[in-house]
2 protein chains.
Amino acid sequence: MKYAAVYKDIKRKILNGIYTPWAPLEGEEMLCGIYGISRTTVRKAIAKLKQDGYLHSQQGSGIFVNPPEFYEERTMTTLSERIEADVDLENQILQSDLIEANERLAAICNLPVGSKLHHYIRLRTINGTPCVLEETYMPQYLFRNFDAAKTPRGSVFKYIEEDCKYGISHAIKNVTAIKVEGELAGLLQMENGSATLQIEHKVYLKKSVLAQYTIEVQTNKTIRFIAVR
Amino acid sequence: MKYAAVYKDIKRKILNGIYTPWAPLEGEEMLCGIYGISRTTVRKAIAKLKQDGYLHSQQGSGIFVNPPEFYEERTMTTLSERIEADVDLENQILQSDLIEANERLAAICNLPVGSKLHHYIRLRTINGTPCVLEETYMPQYLFRNFDAAKTPRGSVFKYIEEDCKYGISHAIKNVTAIKVEGELAGLLQMENGSATLQIEHKVYLKKSVLAQYTIEVQTNKTIRFIAVR
DNA sequence: AGATATTTGTACGTATGTATC
DNA sequence: GGATACATACGTACAAATATC
C-alpha cells in the first residue's frame with residue numbers, strides 16, 4: 001500500500017519535528033515527485049493525515065502542519081489508550097475469577113443470565129502512585145484461554161485484535177462524575193468524598209457482540225478532547 | 001458538488017429509516033447508475049459518510065448502514081451541540097458585562113492583561129428544570145456588536161461561523177469532575193456536594209486566536225462517546 | 001473443498017473548477 | 001489579471017477479500 005507508506009513517512013516527519021507546526025508542506029505535485037506516486041495517491045495519504053489531525057489544508061493556499069494538541073488528544077478517553085508504551089506503569093491484580101452473569105451484566109453483555117464471564121479487578125500505578133482502578137468483564141466463550149495475570153499492559157484494542165484475532169467494530173464510553181468514598185478512596189489514595197471521573201467502556205465486535213466491559217475510576221479528574229473543523 | 005448531494009441523499013435515507021441499521025447499501029456500481037456519477041465520486045460520498053459514522057464497509061462484502069448510536073454520539077460534549085433545535089430550551093441571562101482580563105483570562109485568551117472581554121452567565125432550562133449553567137468570555141475586538149441578550153440558542157459554532165463569518169479552526173474541551181456546592185447547587189437544583197461534570201470549552205479561529213471561552217456545569221452527570229474502528 | 005463471480009480497495013492518468021497569492 | 005495550489009470529477013485497470021455455486 002503506497003499511500004500507507006507516504007502517510008507513515010509524513011507522520012514521522014511531523015512527530016520528529018522535521019515539519020514544524022503551522023509550516024506549509026510541499027505541494028501535492030512536489031510530493032508526487034518525491035515519493036514517485038500519482039497525485040491521487042498523494043491526496044489519499046494527505047486525506048488520512050487530515051482525518052487524524054496531523055494536517056489541514058486550504059484550497060488555493062497549501063497544506064499545513066498542525067500543532068501537537070490537534071493529534072495528541074482526540075477520542076482517547078481511557079488511560080490504557082493514552083499511555084500505550086509507558087514502561088513505568090505497573091499492574092496489580094486485586095481479584096480474578098470466573099463468575100456467572102447477573103441480570104445487569106447479562107443485559108450489558110447481550111447474554112443469558114448465568115453465562116460465564118471472566119472477571120478481574122486491577123489497580124494500575126505509575127511510580128507507586130495509583131492512577132486507575134479498573135474492573136473488567138469478558139465473556140468466557142470468546143476468550144477460552146484467558147489469563148488475568150497475562151492481561152494486556154497497553155491498549156485493550158491491540159490485545160483483542162492482534163492476540164485474539166477478533167475484528168473490533170466499535171467502542172462506547174460513558175464518562176460519569178462520581179464521588180470516591182470508603183475503600184475506593186483508600187485504594188486510589190484520594191481524599192474521601194472527592195469528585196473524579198468514572199469511565200465505562202464497552203468494546204464490541206461485529207454487530208452487537210460485546211467483547212469487553214470495563215469500569216475504570218481515574219485519579220485524574222480531567223480528560224481532554226479536541227474537535228477539528 | 002455532486003458528491004455532497006449524494007452524501008446528503010444517503011444521509012437522509014438513513015435518518016428517515018429508508019435504510020435500516022446493519023442493512024447493506026446498494027453496491028458502488030449500482031449507486032453510480034442511480035445517481036448518474038462516476039465510481040470515484042460515489043466513493044468520495046461513501047468515504048465521508050463512513051467518516052461521520054453513518055456507514056461502514058468491508059472489502060469483498062459490501063457497504064452497511066450503522067445504527068444511530070454510531071452517528072449520534074461522537075464528539076458532542078457540550079449541551080448546546082447536542083440539542084441543536086430543541087425548542088423547549090430556555091435561556092436566562094443572570095449577568096452580562098464587559099470586563100478587563102485578569103492574569104488567568106489573559107493567558108487563556110492569548111491577550112494582554114486588561115484586554116476587554118464580553119462576559120455573561122447564562123442558566124439554561126428545559127421545561128423549567130435547570131440543565132446547564134454556563135459562563136462565557138469572548139474578546140471584544142472580535143465581536144464589536146455583541147449583545148448577550150441575542151446570544152445563540154443553539155450551537156456556538158453556528159453563531160461564530162454563520163453570523164460572524166469567522167472560520168473556526170478547532171475547539172478544545174476539558175471535561176472535569178467537580179462537586180457542586182453552595183449557590184451553584186441552588187441554581188442547578190442539585191444536592192449540595194454531589195458530583196457532576198464541568199466542561200471547559202475553548203473555540204479557536206485560525207492559528208491560536210481564541211474566539212470564545214466557556215465553562216459550563218451540567219446537571220447531567222454523564223456524557224457518552226463512541227469510537228468506531 | 002475449490003473454482004468463480006462479486007464487491008470493495010488501491011493506483012494511475014487527465015481535465016476542469018475554484019480559492020488564494 | 002495571471003500564476004499557483006488544492007478540490008472535484010471522470011475513466012480505467014488490477015488487487016484483495018468475501019460470497020456463492
- Item | Distance below 4.0 Å between A:Thr40 side-chain N/O and C:dG13 OP1 or OP2 | no

- Assign each of B:Gly27 and A:Ser61 the nucleotide of DNA chain C bearing its closest heavy atom; nearer the 5' end lies the nucleotide of B:Gly27

- B:Ile63 CD1 to D:dA17 C1', in whole Å, measures 14 Å

- Message: Taking the minimum atom-to-atom distance to the side chain of A:Arg43, which one of D:dC6, D:dA9, C:dT10 wins?
- Response: D:dC6

- So, B:Tyr120 versus B:Glu134: side-chain donor-acceptor pair below 3.5 Å or not? no

- Task: Examine distances only and state if a side-chain atom of A:Asn102 and a backbone atom of A:Arg104 form a donor-acceptor pair shorter than 3.5 Å.
- Result: yes

- Item | Residue B:Tyr3, side-chain heavy atoms: nucleotide from C:dC12, C:dG9, D:dT8 that is nearest | D:dT8

- Item | Between C1' of D:dT4 and CD of A:Glu26, the distance in whole Å | 16 Å

- Looking at B:Lys50, does any N or O in its side chain come under 4.0 Å of the phosphate oxygens OP1/OP2 on C:dG9? yes

- Query: If you check every side-chain atom of A:Gln59, which of C:dG13, D:dA9, D:dC6 has the closest atom?
  - Reply: D:dC6

- Item | Spacing of B:Leu31 atom CG relative to D:dC10 atom P, expressed in whole Å | 14 Å

- Check whether any side-chain N or O of A:Ser115 sits under 3.5 Å from a backbone N or O of A:Pro112 as a donor-acceptor pair, and report yes or no. yes

- D:dC10 P sits how many Å from A:Arg39 CZ, rounded? 16 Å

- Query: Which of these nucleotides, C:dG9, C:dT10, D:dT8, is closest to any side-chain atom of B:Glu28?
  - Reply: C:dG9

- Kindly say if A:Ser38 contacts the phosphate of C:dG13, meaning a side-chain N or O under 4.0 Å from OP1 or OP2. no

- Query: Would you say the side-chain atoms of B:Asn66 pair up with the backbone N or O of B:Leu55, donor to acceptor, closer than 3.5 Å?
  - Reply: yes

- Message: Using the side-chain heavy atoms of B:Ser57, tell me which of these nucleotides is nearest: D:dT18, C:dT8, D:dA9.
- Response: C:dT8

- Message: Output the rounded distance in Å from NE2 (B:His56) to C1' (C:dG9).
- Response: 16 Å

- If each of A:Thr41 and A:Gly60 is mapped to the nucleotide of DNA chain C with the nearest heavy atom, which maps nearer the 5' terminus, i.e. the 5' end? A:Thr41

- Message: Taking any heavy-atom pair under 4.0 Å as a contact, classify A:Gln58: base, sugar-phosphate, or nothing.
- Response: sugar-phosphate

- Item | Length of the line joining B:Glu29:CD and D:dT12:C1', which is rounded to integer Å | 11 Å

- When the distance from CZ of B:Phe64 to C1' of D:dA19 is rounded to whole Å, what number comes out? 10 Å

- Message: Could you check whether A:Tyr213 and A:Glu200, counting side-chain N and O atoms only, form a donor-acceptor pair closer than 3.5 Å?
- Response: yes

- Item | Residue pair B:Glu135 / B:Tyr137, side-chain donor-acceptor N/O under 3.5 Å | yes

- Of the candidates D:dT8, D:dG11, C:dT10, the side chain of A:Lys44 sits closest to C:dT10

- Which of these nucleotides, D:dA19, C:dA11, D:dA9, is closest to any side-chain atom of B:Lys2? D:dA9

- Message: What's B:Ile46 touching, base or sugar-phosphate or nothing? Going by heavy atoms closer than 4.0 Å.
- Response: nothing

